[in-house]
Amino acid sequence: MPPPIGTSSHHDADGLGPTWPEDDPSKSRLLSILTSWNYSYMNPILKKGADIHHAKAKNPRRRSSLLGLYFDRTHSQRLSQGDVAEENDTHEGNNNSEGATSSSSLPAVRQLTLSDLYQVPSSMRASALQPIFDEYFEQEKGKVVKTLWRLASPTFLPAGLCQLITVFAQVAVPLFVWKLLRILEENPSKNVFGQAVPYVFLILVADVFNAYGTNRQRFLAMKSGVTIRVAIIGAIYERVLELTPKGKIGLTTGAVTNLFAIDTQKLFEVTAEGHLLWSAPLSMLLVAIMLIFVVGPSMAVGIVLLLLFAPIVQMISNKMMEIRKQRVKVTDRRVEIVNAMLQGIKVTKLNNYESRYIERIQQVRDEELGLLRRELYVWSMVMAVQFISPVVASAGAFAAYVLAGNILTTADAFTALLLFNALRFPINYASRLIGKVAQARESARRISIFMKREVRDNRMKMETDNGTKETNSASTQSPLLENIEENANGVEGSISSEGDDVMTSLQSNKELLVIKNGTFRAGDNISHKSWDDINCGADDDGFTVGGINMSVGPGEILAIVGPVGSGKSTIINAIIGEVSVSPETTIQTHGKLAYASQVAFILNATLRDNILFGNPFDVVRYNQVLHSCCLLSDIEQLSAGDMTEIGERGVTLSGGQKQRISIARVVYSNPDIALFDDPLSALDAGTSRKVFDRLFKQSRIHCCPKRQSS
């Protein structure tokens, strides 16, 4: 039997980890600075991980028998609620089959969970970054790069200061080594402790500054990159939800996915490594000056040789990028074949297409592996050049130095080697960094083009008597929920509500939805035509429905009926802003609006998550909704009840179950206006009658025949 519905919520309020150290008001400013520089606040987490590792190492049998089982607070709560006997029986069965001892004698081994990690810093949370990004974006008049710069500069500029310290520290170490070796060469038989100790101390200080500066620069630069990525992903997601039909023209799912997955990642990468754009040339300049100053002009030969390796690295890198582009296309083909097989797995099994799919996948996979092998060969050449370049440069410089009649001393040789080694990284990495910058600029350009797409104006927002504003999901009592209470048939409890704005509309019978002079256009090729040139009906460019005038008040149901293709779904899509609306059309909505589409939208999550859809969990309301949507009997048949994981697109559910979950999601959200597009089509006659009686029967129903307008 599944656990009683509503006995516990999977949303654990206490599951949040400790506050981020820099956001902890109890710590002093000095302590926060020290811990942020040495990262000592990570010690408790690292200690927990080490303890868990040692516990597993001491008891490998338990580690293998409990693979994948998490002994966290949720698990402990489940054990304390009556599952101890069942758990012990399970372990005893396993131990008897394996000849092991009783499970009660094995210590509980827990795993690191999200509750062990720190919370996201307050300055990096999407809820805090999104309004700041919108404000900067409006102030910069839609320029994405300037907006992102203002967003990241508070952490990116201090990272630049740390990088500057690192550059001078890296260049100073060879200079101090040169001074130390010169002292030893000039005084081979004397005690030089007093003269050498200051330089040894300076080398130590330079290395410490280099270590702290490098790590702090990387931390701040990565923090800037994460900030940019979070803000731009939130902005893109928000913009996608607000696009008008005209703004969606030419926009594919793949293009939006690339914006999220690829373009934002390119911006993150160039931000994390952006300071090398100026620090690499500065390092090369300082090292070149020191080589000429310390060793002599002949060292210019080595510098020239290093510079000559840069185009070689660039050429090899370009070749690798060409191979990678070919490999990505082949990878896309392989993924497409696998997705096609998985999406049509029933047809594949029934028609015995497995061997054909395996043959196609194997063929594409062999081609992909061949390109991957070539790419790795080229990459090995890049790595070889990076290791060979300082050796060749040093040999050339020393040869020129000796041929010029100079004597190569130990101090000069070691100093030159250190300087050439310091010069290797900026020279070899410069070409790759330039390529990353070019990719980031292209990504910023694509994001800018997307952000310029047309979005819905304020006319499509929810309106109330006091102006345009959003309403709380639990602020009013929906007529649908009133029907649920009247038809609960044994489900006890009532639903409390707060708020006056929409409730005033309900009490005064003010119309919640009004459409005047409605003319709506669905189709892709709609941007080049004027509304005066469009006639109602279907044509080559799309479908137009017009002459729509209707209103719906509290407690009323308006049913739009008509033949297939008459425009019923187009009207609903116009209300939610998914199709184009003529300028003469007026659409007014008061309160919260919810929508259930003709094809149920199912998340790859638990059944409860699909119904809650981010709303707070209310046991009474939840059980009432399940009863009204005839889902209680279905949940009893599931192994984990309403906590059963639903597969992708609801593959583990029937069509009627998915449709009823979609209806339950709308009802649970407690909307003032509920839009259903053919919600009972996938239900059998008996279930359809029960759902209709429990949800809609008590309301005033008006039938509006859909007719073609000319």
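The figures here come from the full heavy-atom set of this structure, side chains too, leaving out hydrogens, waters and symmetry mates.
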Closest non-hydrogen atom pair between Leu267 and Ala444, with its separation: CD2-CB, 4.2 Å
CA sep, side-chain torsions, deciding dist, call: Gln659, Leu683, side-chain contact (heavy atoms from CB on, under 4.5 Å): CA-CA 8 Å; Gln659 196 68 51; Leu683 277 60; 3.8 Å; yes
Exercise: identify the closest heavy-atom pair between Ser662 and Ala600: CB-CB, 4.0 Å
Heavy-atom check, side chain of Ile575 versus side chain of Leu675, under 4.5 Å: yes
Pro679 to Ile663 - nearest heavy-atom pair and separation: O-CD1, 3.6 Å
For Arg333, salt bridge (Lys or Arg N to Asp or Glu O under 4.0 Å) partners two or more places apart: Glu367
Residue pair Thr519, Glu584: steps toward the side-chain contact (heavy atoms from CB on, under 4.5 Å) verdict: CA-CA 8 Å; Thr519 302; Glu584 292 78 15; over 6 Å; no
Test item: Tyr237 and Leu241 side chains (from C-beta on) under 4.5 Å apart, heavy atoms: yes
Sub-4.5 Å side-chain heavy-atom contact between Ile361 and Val338: yes
Nearest-0.5 Å distance, CZ of residue Arg621 to OG of residue Ser669: 8.5 Å
Side-chain (Lys592) to main-chain (Ile673) donor-acceptor, under 3.5 angstrom: no
Taking every non-hydrogen atom, the tightest pair across Thr585 and Asn517: OG1-O, 2.8 Å
Test side-chain contact (heavy atoms from CB on, under 4.5 Å) applied to Thr147 - qualifying residues, sequence neighbours left out: Phe133, Tyr136, Phe137, Glu140
Residues which pass ring-ring contact (aromatic ring centres under 6.0 Å, His included) with Phe450, listed by chain and number, not counting sequence neighbours: none
Heavy-atom donor-acceptor pair, Ser681 side chain to Asp678 backbone, under 3.5 Å: yes
Partners meeting side chain to side chain donor-acceptor pair (under 3.5 Å) with Ser443 (sequence neighbours left out): Asp263
Met550 side, atom CE; Lys516 side, atom NZ - distance, nearest 0.5 Å: 13.5 Å
Main-chain N/O of Val455 paired with Arg239 side-chain donor or acceptor, under 3.5 Å: no
Name of the residue among Val620, Val619, Val625 meeting side chain to side chain contact (heavy atoms under 4.5 Å, CB included) with Asn623: Val619
Step-by-step ring-ring contact (aromatic ring centres under 6.0 Å, His included) determination, Phe617 to Tyr668: CA-CA 10 Å; Phe617 181 68; Tyr668 185 84; 7.4 Å; no
Test side-chain contact (heavy atoms from CB on, under 4.5 Å) applied to Val564 - qualifying residues, sequence neighbours left out: none
Between Tyr622 and Asp642, a side-chain donor and acceptor under 3.5 Å: yes
Any residue meeting salt bridge (Lys or Arg N to Asp or Glu O under 4.0 Å) with Glu442, in chain and number order, not counting sequence neighbours: Arg445, Arg446
Close side-chain approach of Ile646 and Leu603, heavy atoms under 4.5 Å: no
Those residues that, when tested against Ser122, pass side chain to side chain donor-acceptor pair (under 3.5 Å) (two or more places apart): Asp23
Student check: side-chain heavy atoms of Ile587 and Val514 closer than 4.5 Å: no
Residue pair Asn549 / Ile515, side-chain heavy-atom distance below 4.5 Å: no
Heavy-atom neighbours of Phe260 CZ exceed 12 at 6.0 Å: yes
Approximate separation, where rounding is to 0.5 Å, of Leu638 CG and Glu645 CD: 11.5 Å
Residues Gln139, Arg150; criterion side-chain contact (heavy atoms from CB on, under 4.5 Å); working and verdict: CA-CA 11 Å; Gln139 294 176 359; Arg150 292 185 60 182; 2.8 Å; yes
Distance-minimising heavy-atom pair for Met124 and Val230: O-CG1, 4.1 Å
Exceeds 12 heavy-atom contacts within 6.0 angstrom, atom CZ of Arg125: yes
Under 3.5 Å: donor-acceptor pair, side chain of Asn615, backbone of Leu612: yes
Those residues that, when tested against Val552, pass side-chain contact (heavy atoms from CB on, under 4.5 Å) (two or more places apart): Leu513, Glu556, Leu558
CG on Leu350 to CD1 on Ile345, rounded to 0.5 Å: 10.0 Å
Atom pair OG1/CZ of Thr348 and Arg356 - distance to nearest 0.5 Å: 11.0 Å
Minimum side-chain heavy-atom gap Leu680-Phe692 below 4.5 Å: yes
Minimum-distance pair of heavy atoms, taken over all atoms of Ala664 and Leu631: CB-CD1, 4.0 Å
With Asp677 via salt bridge (Lys or Arg N to Asp or Glu O under 4.0 Å) - residues at least two apart: none
CD1 on Ile337 to CZ on Arg360, rounded to 0.5 Å: 4.0 Å
Derivation of the side-chain contact (heavy atoms from CB on, under 4.5 Å) call for Thr227 and Leu151: CA-CA 8 Å; Thr227 299; Leu151 203 63; 4.2 Å; yes
Asp634 versus Gln657, side-chain donor and acceptor atoms under 3.5 Å: yes
Residues that Asp134 engages under side-chain contact (heavy atoms from CB on, under 4.5 Å), provided they are two or more places apart: Gln130, Glu238
Contact check, side chains of Arg665 and Asn610, non-hydrogen atoms, under 4.5 Å: yes
Pairs flagged by side chain to side chain donor-acceptor pair (under 3.5 Å) wherever residues 593-602 is involved - sequence neighbours left out: none
Polar contact flag, side-chain donor to acceptor under 3.5 angstrom, Asn573-Thr570: no
Contacts of Glu354 that satisfy salt bridge (Lys or Arg N to Asp or Glu O under 4.0 Å) - sequence neighbours left out: Lys349
